[in-house]
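Below you'll find the structure, written out as structure tokens, and then a few comments.
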2 protein chains.
Amino acid sequence: MKSNEIKEAALKYFTIHGYEGASLSLIAEAVGMKKQSIYAHFKGKDDLFLQVLRDAKETELSSKLQYFSKIDSQNPEKDLYGFLQLVIDLFQKNEQLKFWLRVSFFPPAHLAKAIDKEVIDIEEKVQAILESKFQGWIDAKAIVGDVAKTPTFAFLGVVDSIMLELVYGNDEKRLKDKLEASWTVFWRGISHR
Amino acid sequence: MKSNEIKEAALKYFTIHGYEGASLSLIAEAVGMKKQSIYAHFKGKDDLFLQVLRDAKETELSSKLQYFSKIDSQNPEKDLYGFLQLVIDLFQKNEQLKFWLRVSFFPPAHLAKAIDKEVIDIEEKVQAILESKFQGWIDAKAIVGDVAKTPTFAFLGVVDSIMLELVYGNDEKRLKDKLEASWTVFWRGISHR
DNA sequence: CTCAATTTAACGAACGTTCGTCAGTTATAT
DNA sequence: ATATAACTGACGAACGTTCGTTAAATTGAG
């Protein structure tokens, strides 16, 4: 399907140059066609962008949900660190998470409303499932007793900081150092002893 | 000075719409002139952008350096939490930090090299001073013994996550919750007990 | 199985607009 | 009178989009 090739190229340009900086002519060129031909597959630039957005959302959401459904272990240390690894993997395996990060924080103004809806949707779901996991670990006394929201938000903060480091990109060593540091302090902050 | 008015308006548009999405005509209109008149003050769009960038860099750097020079206390809990408050204040008081965050992580491609240089410069300085502070606290046994890099990177992660929450913006309550959660866990993670 | 009818996907050409930039001119103020 | 800062006008280039056309692929009835 040619539509997927277009979306793939569009994802790349939107990620690197943003909505306004990405031109249909360059996207078309990347898949070997003229910009007018894009209109045989999409109603316009907005339509293309929103379809790319929804694909990226679905990929991210399903990846995370799948991870949480797979683990039912009583080992928060392994599960949480594994989640951080998952985020890193997702980020490096495809462009979609980077695209998602960019547009969720710096959306094109005229689509901000529509984007925000998707962002809030995915955010609430991940937060809810994470919070219930933490509640379970608290009840099992696997981590320190507290409101479940506290470790949840703190962990989401660690995820965010790792993603920022991934966006920043170039330095593999620095990423590893930051991950290790954030994880060490975070885990010490929620575990017993 | 009219140049400052132009830079002020440009900062706004660059922050909201990015480099490519910001137009000189709208910037000029915001200060009550035609876009061609901007060329009496700046050599072009790139020049305007880079001057805004350097202003933002200087504001951020001097604010942070000033904070660190003011505190010589032996109380890391107060000093570090105060730094987070400083970041929040900076973010809400002027647009420059938001602009800085946007362009440092999603720079216009043709200026990426120049931007990166400034970003790395500021980053190294803040990291260096922070690391020496942590080293002092470790030596004074005010926080748990470790390589100074670990709490430094972890703290920088907290700062990043708070800044992301600020960018995301709308929800004041959520910001407070996230700050409290990240700080609680972080402090527990580096303090004795 | 055939062949005409329809749909699909690409095209070139052009639309109106906006972009950043440059040149020349006028107004303001020292 | 000189310099600074605003203006008008215009430039080529690029933008997203629409149009009409063509060639290939798909469909459906005899």
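Chain A is the first sequence line, chain B the second, and so forth, proteins listed ahead of strands; every chain is numbered from 1. Keep in mind that what you see is a predicted model, and the values were worked out from it rather than measured.
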**Request:** Applying side-chain hydrogen bond (donor to acceptor under 3.5 Å, both in side chains), run through B/Thr15 and B/Glu95 and close with a yes or a no.
**Result:** CA-CA 7 Å; B/Thr15 302; B/Glu95 293 256 61; 4.7 Å; no

**Request:** Could you tell me the separation between the NZ atom of B/Lys2 and the C1' atom of C/dT28, rounded to a whole number of Å?
**Result:** 13 Å

**Request:** Calculate the interatomic distance between A/Tyr13 atom OH and D/dG16 atom C1'; express it in whole Å.
**Result:** 17 Å

**Asked** So, for A/Phe49 and A/Tyr13, is the gap between ring centers shorter than 6.0 Å?
**Response** no

**Asked** Which pairs count as side chain to side chain donor-acceptor pair (under 3.5 Å) when at least one residue sits in residues 77-86 of chain A, sequence neighbours excluded?
**Response** A/Ser73-A/Asp79, A/Tyr81-A/Glu180

**Request:** Decide if the gap between the ring center of B/Phe68 and the ring center of B/Phe83 is smaller than 6.0 angstrom.
**Result:** yes

**Asked** Hey, which of these two, B/Lys43 or A/Ile6, hits DNA chain C nearer its 5' end, going by closest nucleotide?
**Response** A/Ile6

**Request:** With sequence neighbours excluded, give me every side chain to side chain donor-acceptor pair (under 3.5 Å) pair touching residues 140-159 of chain A.
**Result:** none

**Prompt:** With under 30° as parallel and over 60° as perpendicular, where do the rings of B/Trp183 and B/Trp187 fit, or are they tilted in between?
**Reply:** parallel

**Asked** Given pairs defined as Watson-Crick or G-U wobble with both distances under 3.5 Å, what dot-bracket annotation applies to DNA chain D, with ( ) intrastrand, [ ] crossing, | other strand and . unpaired?
**Response** .|||||||||.|||||||||||||||||||

**Message:** Could you work out, with ring pair (Phe, Tyr, Trp, His ring centres under 6.0 Å) as the rule, every residue matching A/Phe106, not counting sequence neighbours?
**Reply:** B/Phe106

**Request:** Scan residues 16-41 of chain A against DNA chain D and write down, sorted by residue number, each residue with any heavy atom closer than 4.0 Å; if none is found, say none.
**Result:** A/Ala22, A/Ser23, A/Leu24, A/Ser25, A/Lys35, A/Gln36, A/Tyr39

**Request:** Could I get the full list of ring pair (Phe, Tyr, Trp, His ring centres under 6.0 Å) partners for A/His110, not counting sequence neighbours?
**Result:** A/Tyr19

